[in-house]
2 protein chains.
Amino acid sequence: MLKAATIRDVAREAGVSIAVVSRAINPGSGPVAPETRDRVLAAIEKLDYRPRAAARELQAGATTTIALMVPDLINPFFSGIADAIVYEARSRGVHVMVLTTQEDPHLEAELVQTLRTRSVGALIVAPTDSGTNPFGRLVDLGIHVICVDRELDDSAGIDVVTIDNENSARTATQHLLQLGHERIAIITGPQHSSSARSRLVGFRGAMADAGVEVDEQLVRPIAYRGTLGSDAVGSLLALPHPPTALIVANGAQAFNSVRRVRQSGIGVPDDLSLVVFDDNPWTDVFSPALTVIRQPVKMMAMHSTQIAVSRLQGDRPPAPVRIELRAELVHRSSCRPLREPPVGGD
Amino acid sequence: MLKAATIRDVAREAGVSIAVVSRAINPGSGPVAPETRDRVLAAIEKLDYRPRAAARELQAGATTTIALMVPDLINPFFSGIADAIVYEARSRGVHVMVLTTQEDPHLEAELVQTLRTRSVGALIVAPTDSGTNPFGRLVDLGIHVICVDRELDDSAGIDVVTIDNENSARTATQHLLQLGHERIAIITGPQHSSSARSRLVGFRGAMADAGVEVDEQLVRPIAYRGTLGSDAVGSLLALPHPPTALIVANGAQAFNSVRRVRQSGIGVPDDLSLVVFDDNPWTDVFSPALTVIRQPVKMMAMHSTQIAVSRLQGDRPPAPVRIELRAELVHRSSCRPLREPPVGGD
DNA sequence: TTGTAGGCGTTATCAC
DNA sequence: GTGATAACGCCTACAA
């Protein structure tokens, strides 16, 4: 097992001082005679030298590592985000440390602590609980925090990249209302999550606009983790007066929910119209293909990475940014009019 | 923006030298009087001090960061592995840097270079090409490399955690043979991938054992990336004498392949029996539910993490480990006998 | 244009 | 038990 070459080895090999090597490595940091430079580069090549990131960090304070904190990577929504962020970051020479919180605020807080140890320059996070802000200390220390997908009630000094959840839910609801549905159920996320809350607001808004009263029995805020989606669907369908349409606004529970619908033998869209949040691949291969709200996952990832990277390069004014992207309703085959509309008419 | 407290600040606050603080932080590294210790701990608490990992690394050479390199995170197989590895690593106090290769050997090689810069203690990787080993230099430098899922032809000094691909494919093939199928098609991965190769070997083995000749037209090794799965299915089904059964042994193309089967209106399992590698959630919600080869994803992740962590803690003999796990055939509804077997009979 | 020296935050080796 | 002090590898004034 060899020992990695250091800047000193290179200097010796090239017959110069370490200062020259350093300058040769970091163009613009100082003058180096062209031919000296070539000699140094040759030495680097020969010794296969790579500067140690740890040493650089230590001396500069800066870093080219960011952290990404998501509930889990099994949820295709978050793995999609993670994939895009990792890819995007690499193209900018930044590495990504990935952490999973399991939707557990305690674990999240603990991870924030261990993060302080690492010198990451920024943190992109989909926070577990909007009510508390465990990231304040990071911000104080100059570690930039970017919320993605979900945001915090108190987000002082924190950037936000999210979708317009309220309007997305509104759109989905309006779609069903226009088809004549009034008994519309919604399975959403826990109300300590900003996105889940906004979606519910959008739902209620659309219902109110249409003058349709919301039956609170049909509103099901459930946890992201676990399999509660299945239970919620079960009890919804067992209602004496069951819903004719269902919006699954809890992406993490979409699969469980839909599977339960299918297992119960309810016809989609004949007996139940369905709109689901998050356009995961399987929604397209389900029978019938599901009408979904498609979130611009790549866009969210790109924006957050871009913010993170430029922040740690010291660009951008310190003012927090807020980016809200539009989601899209993708019509497929899981919704139909409650009653066939009269043909012709008058 | 505060500046993070250093060991010196703590020492001053506690009225001791930095050496004492260091010993207090790292129990066992030297003697500290109990009451001094308490004073130091109080100071740490008060200043909210966290030792900087970069400085530790620099001085010790060691590190508690490992890297994980997978083709992408969009493939549920790899996101499952990543999720489990990140989780498992955390529970051992290790952080994970995630990299994606996009199945591109050049990018892979480049990432290996940038990795040398970071002081990661180990690399868990699903390599893109089994023919070349871009990791040799890492091994030389004492960075432990663990191949997961796929392996290298020349894996000197490299640990391997994989499934028994050959037998998995053999099992799947035998299942179809027993149902009376002989025109069995297989869509597998590129032959520069060890797992794809082994699976094809298993397929041929089972066919040979049964005395059934392999129609080479029905053997389709295709790339992991892109949408070739769809094309392969299309041309398979367009054959004058199409297959009666299909094994999709290319997990990354399973979705595309199956979707194409469905689009072409072919009845499953009536017209075509189907076995698919990788038990992703959607295979269960597809109509009909798909018979799959289920890989022990969590197990693979746990083993590789365990090896990685113990390696970087210096445990374990230097001899490379090879762990081969068994995959499982999960019977669902996508396969049926070619001809109904005679009822009763004698 | 080049080299010397100091410091980044930590741990380890010594004396005391 | 405790405290200077020297590394670890790199960058950067500043002096030559």
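Lettering of chains follows the sequences in order, A, B, ..., and the numbering in each one begins at 1.
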Trainee: Could you give the CG-to-P distance, from B:L58 to D:dC11, as a whole number of Å?
Mentor: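 Whole-Å distance recorded here is 12 Å.
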Trainee: Measure from CZ on B:R12 to C1' on C:dG9 and round the result to the nearest Å.
Mentor: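 After rounding, the gap between these two atoms is 13 Å.
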Trainee: Applying salt bridge (charged side-chain N to carboxylate O under 4.0 Å, His left out), name anything that partners B:R50, two or more places apart in sequence or on another chain.
Mentor: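 Counting only residues at least two positions away or on another chain, B:R50 forms a salt bridge (charged side-chain N to carboxylate O under 4.0 Å, His left out) with B:D48.
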Trainee: Can you build the contact string for nucleotides 11-16 of chain C? Use B for base contact, S for sugar-phosphate-only contact, and - for no protein heavy atom under 4.0 Å.
Mentor: BB----
Trainee: Is the backbone of B:G80 close enough, under 3.5 Å, to the side chain of B:D83 for a donor and an acceptor to pair up by distance?
Mentor: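 No: the side chain of B:D83 does not pair with the backbone of B:G80.
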Trainee: Could you check how far CD of A:E57 sits from P of C:dT10, rounded to whole Å?
Mentor: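 That distance rounds to 13 Å.
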Trainee: Give the nucleotide from the list C:dT10, D:dG3, C:dT4 with an atom nearest to the side chain of A:S17.
Mentor: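 Output: C:dT4.
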Trainee: For A:R37, report the nucleic acid contact type (base, sugar-phosphate, nothing); a contact means any heavy atom under 4.0 Å.
Mentor: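 Touches nothing.
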Trainee: For A:E57, enumerate each residue passing the salt bridge (charged side-chain N to carboxylate O under 4.0 Å, His left out) test, keeping only those at least two apart in sequence or located in another chain.
Mentor: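 By the salt bridge (charged side-chain N to carboxylate O under 4.0 Å, His left out) rule, A:E57 matches no residue at all.
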Trainee: Between C:dT10 atom C1' and A:R118 atom CZ, what is the distance in whole Å?
Mentor: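 The answer, rounded to whole Å, is 14 Å.
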Trainee: Can you tell me the distance, in whole Å, between the CZ atom of B:R52 and the P atom of D:dG9?
Mentor: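 Value for this atom pair: 18 Å.
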Trainee: Just jot down the salt bridge (charged side-chain N to carboxylate O under 4.0 Å, His left out) partners of B:E108, sequence neighbours excluded, or say none.
Mentor: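 So B:E108 forms no salt bridge (charged side-chain N to carboxylate O under 4.0 Å, His left out) with any residue.
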Trainee: Report yes if a side-chain nitrogen or oxygen of A:T6 is closer than 4.0 Å to either non-bridging phosphate oxygen (OP1 or OP2) of D:dC8; otherwise report no.
Mentor: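 It does not, given that no N or O in the side chain of A:T6 lies less than 4.0 Å from OP1 or OP2 of D:dC8.
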Trainee: If you look only at distance, which donor and acceptor atoms sit under 3.5 Å apart when one is on a side chain in residues 30-38 of chain B and the other is two or more places apart or in another chain?
Mentor:
none

Trainee: When the distance from CZ of B:R8 to P of D:dT5 is rounded to whole Å, what number comes out?
Mentor: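 To the nearest whole Å, that distance equals 12 Å.
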Trainee: Mind jotting down which residue pairs meet the side chain to side chain donor-acceptor pair (under 3.5 Å) criterion with at least one end in residues 84-94 of chain A? Sequence neighbours excluded, please.
Mentor: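 Those involving residues 84-94 of chain A are A:E88-A:R92, A:R90-B:E110.
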